[in-house]
2 protein chains.
Amino acid sequence: MIRVLIADDHPVVRQGLRTFLDLQEDITVVGEAADGAEAVALADELVPDVLLLDLKMPVLDGLGALARLSGALPRVIVLTSVSDRSDVAPAMRAGAAGFLYKDVDPNALVQAVRAVHGGQVLLAPEAAEAMLAGANGSPTPMGPVTLTEREREVLALIAAGNSNREIARSLSVAEKTVKTHVSNVLMKLGVQDRTQAALYAVRHGLA
Amino acid sequence: MIRVLIADDHPVVRQGLRTFLDLQEDITVVGEAADGAEAVALADELVPDVLLLDLKMPVLDGLGALARLSGALPRVIVLTSVSDRSDVAPAMRAGAAGFLYKDVDPNALVQAVRAVHGGQVLLAPEAAEAMLAGANGSPTPMGPVTLTEREREVLALIAAGNSNREIARSLSVAEKTVKTHVSNVLMKLGVQDRTQAALYAVRHGLA
DNA sequence: ACGTTCCTTGGTCCTAGGTCCATATGCCCA
DNA sequence: TGGGCATATGGACCTAGGACCAAGGAACGT
């Protein structure tokens, strides 16, 4: 039985989701929250398997709630009404396991709940597109990113928390050079800044 | 038997270290490198337990070598001649397990090799001082850093790779506010920038 | 009531980080 | 010999990040 918590500031939406989800024999809605703070509190209390989270909520919005969940960790599916591309990346980075738009087919939503509960990550097509092509212009050529020796070295130092100046000193090159390498690394990894690069490195064991 | 690799551009130093270390019954010097590149190559080839690494070397300096070691992972003791405080932090961040000055008592060095091999981290007193008081002015009050709710939230979002602007949007506050929180977090964690904070968060499971 | 902590916002100011564009060398490969 | 890649560097330029300083409101405990 998949225990689901619904967080949405719109009562009708909650009601709709609840009744439909409760019709599924393997899903049970264990609670509803009207804002982010309540969602966090209930997540702690009810320990749901999956949290359906609206992004736009009063008091504390979805992303804020996501950030606050650190530790408890239900699987979170972000359910947003407006199809604002720019919300996708931050949400996924903050630990969401799914990203869907509210116009999603109910049956697809049920599938999503099951998939996410099973450990998968699920994105609406538009969201996936936003993630891949979105922020950076490159279509993310995929594959096991190939960095040059020098770039790997620079990345390792970034992942160690060093500044460009420190890296330049370590490698005995000009800071300008380091910047160039950093830019290339960011581009290749498809991330926006050194912090994301550092996180990428540790997560992928490149550090 | 602790297998040690020595990396120093000064032949005399290498010779001195080798003869002394080889006198120890539980230590054997398996190789010598005259520069960083050679050190990396030999570390790969010989898979030593401990690497004694000079910082100032031609071709590729100690820090560069440290960065390149990613993966092989011998325990590294940085052995530096000049007592330049500013080298300590970057080296430790890059993964060094020990930091000693060359005027160290030979017996203390041997102890250090054993300690580091045993998994401990060992700093020369001056180095420890540089680490603690060094970069940041605060003496690092220690203890399990106590962040406020809001600060934890901000840190979580930093650790997710979000920018101040994105964080501000998530929490529905002004970017100025976020900056203040970030500054406070950096101060409390005793780190210099958001990248280090993010790494701290993931390593300490705060993300 | 009073002080403290937390959260918030504002302002200034400087530095670090990154982008874009161009260049030069060396090397390897076709 | 021409082309592509890796490396290193320069300059111009803009933005994000952070430090420092100040201050007001809310909550809470004494």
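Here is how names work: the chains are called A, B, and so on, in the same order as the sequence lines, proteins then strands, and each is numbered from 1. Owing to the predicted nature of the structure, the values given are computational and were not obtained by experimental measurement.
B:T177 comes within 4.0 angstrom of a nucleotide base, judged by non-hydrogen atoms across all strands. Backbone-only contact: A:S163 has heavy atoms under 4.0 Å from sugar-phosphate atoms and none from a base. Within the 4.0 angstrom heavy-atom criterion, only backbone atoms of the sugar-phosphate kind lie near A:H181; the bases stay farther away.
Residues B:P48 and B:V4 share a closest heavy-atom pair of CB-C, 4.3 Å.
One interatomic measurement links the two molecules: CD1 of B:I158 to C1' of D:dG18, which rounds to 11 Å at whole-angstrom precision. Between A:E166 atom CD and C:dT15 atom P there is a gap of 17 Å when expressed in whole angstrom units. As rounded to whole Å, 14 Å separates atom C1' of C:dC21 from atom CE of A:M187. Following rounding to the nearest Å, B:N162 (CG) and D:dG17 (P) show an atom-to-atom distance of 10 Å. A:R165 has its CZ atom 14 Å from the P atom of C:dG18, to the nearest Å. Distance, A:K188 NZ to D:dT7 P: 8 Å, rounded to whole Å. The CG atom of A:L171 sits 14 Å away from the C1' atom of D:dT9 (whole-angstrom rounding). Regarding B:K179, its NZ atom lies at a distance of 15 Å from the P atom of C:dT15, rounded to whole Å.
Atom-to-atom distance recorded for A:D35:CG and A:D8:CG is 11.0 Å, nearest 0.5 angstrom.
Listed by chain and number, the residues in a side chain to side chain donor-acceptor pair (under 3.5 Å) with B:E32 are B:R14, B:R18 (sequence neighbours excluded).
Residues B:D193 and B:N184 both approach DNA chain C. Their nearest nucleotides, taken by heavy-atom distance, put B:N184 toward the 5′ side.
Set against C:dC7, D:dG17, D:dA19, the side chain of B:E175 has D:dG17 as its closest nucleotide. Here the side chain of A:V173 is nearest to one of C:dA16, D:dA6, D:dT9, namely D:dT9. In this structure, the nucleotide among C:dG10, D:dG18, D:dT9 sitting nearest to the side chain of B:T180 is C:dG10. The side chain of B:V182 approaches D:dG18 more closely than any other nucleotide in the set D:dT7, D:dG18, C:dC7. Comparing C:dT8, C:dG18, D:dG17 by their closest approach to the side chain of A:S183 singles out C:dG18.
Contact annotation: side chain of A:K176 to base of D:dG10, donor-acceptor pair absent below 3.5 Å.
For C:dG17, one of the phosphate oxygens OP1 or OP2 lies less than 4.0 angstrom from a side-chain nitrogen or oxygen of A:R194. The side chain of B:N164 places no N or O atom within less than 4.0 Å of a non-bridging phosphate oxygen (OP1 or OP2) of D:dA16.
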Derivation and outcome, side-chain hydrogen bond (donor to acceptor under 3.5 Å, both in side chains), residues A:R194 and A:N164:
CA-CA 10 Å; A:R194 70 197 297 100; A:N164 287 336; 3.1 Å; yes
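A side-chain contact (heavy atoms from CB on, under 4.5 Å) with B:L66 is found for exactly one of B:V76, B:L55, B:L51, namely B:V76.
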